[in-house]
Student: 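Please read through the structure below; I'll follow up with questions.
This chain uses plain numbering: 1 for the first residue, then up along the sequence. Ligands are counted one by one from 1 in listed order, and the atoms in each one are counted from 1 as well. This structure is a prediction, so every number in the text was calculated from the model and none was measured.
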Amino acid sequence: MAKKAKKAPNKKTAATPSERRLEQRRGDDRRRESSFFPEERRSGRERRRNERRQAGSFLSDVSELRRRARMHIDQGAVTSGYKADREKVIAVLNQALATEIVCVLRYKRHYFMATGIHANAVAQEFLEHANDEQGHADQIAERITQIDGEPDFNPVGLATRSHSEYQEGGSLVEMIREDLVAERIAIESYAEIVRFLGDRDIVSRRMMEGILAVEEEHANDLKDLLATLDPTKPA
Ligand SMILES: [Fe+2]
Ligand SMILES: [Fe+2]
């Protein structure tokens with residue numbers, strides 16, 4: 001039987017950049033294999049073995065991911081990789097939504113009721129916070145729909161679902177104090193929600209982490225305002 005002619009390096013097969021890179025790597029491998037140094041020969045073989053192993057496990061994961069993504073496509077963003085208790089996450093996010101709505105209402109009340117010599121600057125701070133809380137409420141409601149839930153905007157029971165309270169406060173200082181208390185409650189409960197979500201619902205967790213960071217800023221702003229306005233504040 002005639003010996004099969006050895007395939008000559010074909011310019012056509014090395015026409016694209018990726019093919020040229022492949023050619024280059026084959027050349028490197030041949031050079032390593034014929035190397036005088038055994039370490040270099042070994043490193044080439046190990047690299048190829050690792051590449052094969054990584055490619056094999058990754059490819060099987062990709063096909064599994066694709067198969068799972070096609071199942072229950074009506075569930076939108078909720079895939080079988082969603083590890084959290086969805087009903088519980090929706091309930092917890094609805095509590096956070098109620099907390100944000102109550103915060104909007106309280107800050108709005110304080111914005112319109114702020115009086116006194118410092119009223120203007122403080123009212124602007126209240127308004128800014130009210131707008132931030134409204135943004136948080138929208139983010140949370142949006143996320144609830146992404147995981148196939150329904151955001152609860154029912155005014156009945158809103159104050160009960162909310163973690164923080166609706167306290168009107170009389171003077172400007174009282175208002176700031178009440179807002180600071182509410183922010184501190186939100187900080188504690190959101191931190192707990194973040195820990196609860198863990199890596200089971202990463203998107204919800206990251207959203208709550210972002211909101212938590214803003215609530216901490218709010219608390220800091222209020223603490224500074226209180227320090228300026230309240231001479232009876234504890235040191
Ligand atoms: Fe908020
Ligand atoms: Fe806040």
Student: N/O/S atom of H218 under 2.8 Å from the Fe ion (ligand 2), yes or no?
Tutor: yes
Student: Would a 4.5 Å heavy-atom cut-off, applied to side chains only, mark H129 and D179 as touching?
Tutor: no
Student: Looking at the Fe ion (ligand 1), is there an N, O or S atom belonging to H136 that lies under 2.8 Å away from it?
Tutor: yes
Student: Keeping the roles fixed (side chain from H110, backbone from A123), state whether a donor-acceptor pair exists under 3.5 Å.
Tutor: no
Student: Any N/O/S atom of E100 sitting less than 2.8 Å from the Fe ion (ligand 1), backbone or side chain?
Tutor: yes
Student: Checking side-chain hydrogen bond (donor to acceptor under 3.5 Å, both in side chains) for the pair D138/Q134: CA distance, chi angles, key distance, verdict?
Tutor: CA-CA 6 Å; D138 293 346; Q134 182 61 62; 3.2 Å; yes
Student: Would you mind telling me which of R143, R206, R86 makes a side chain to side chain donor-acceptor pair (under 3.5 Å) with D201?
Tutor: R143
Student: Quick check on the Fe ion (ligand 2): does E183 put an N/O/S atom closer than 2.8 Å to it?
Tutor: yes
Student: Nearest N/O/S atom of E215 with respect to the Fe ion (ligand 1), by atom name, please.
Tutor: OE2
Student: The Fe ion (ligand 1) is nearest to which N, O or S atom of E133?
Tutor: OE1
Student: Go through the steps for E100 and Q139 under the test side-chain contact (heavy atoms from CB on, under 4.5 Å), then give the verdict.
Tutor: CA-CA 10 Å; E100 294 294 342; Q139 267 182 278; over 6 Å; no
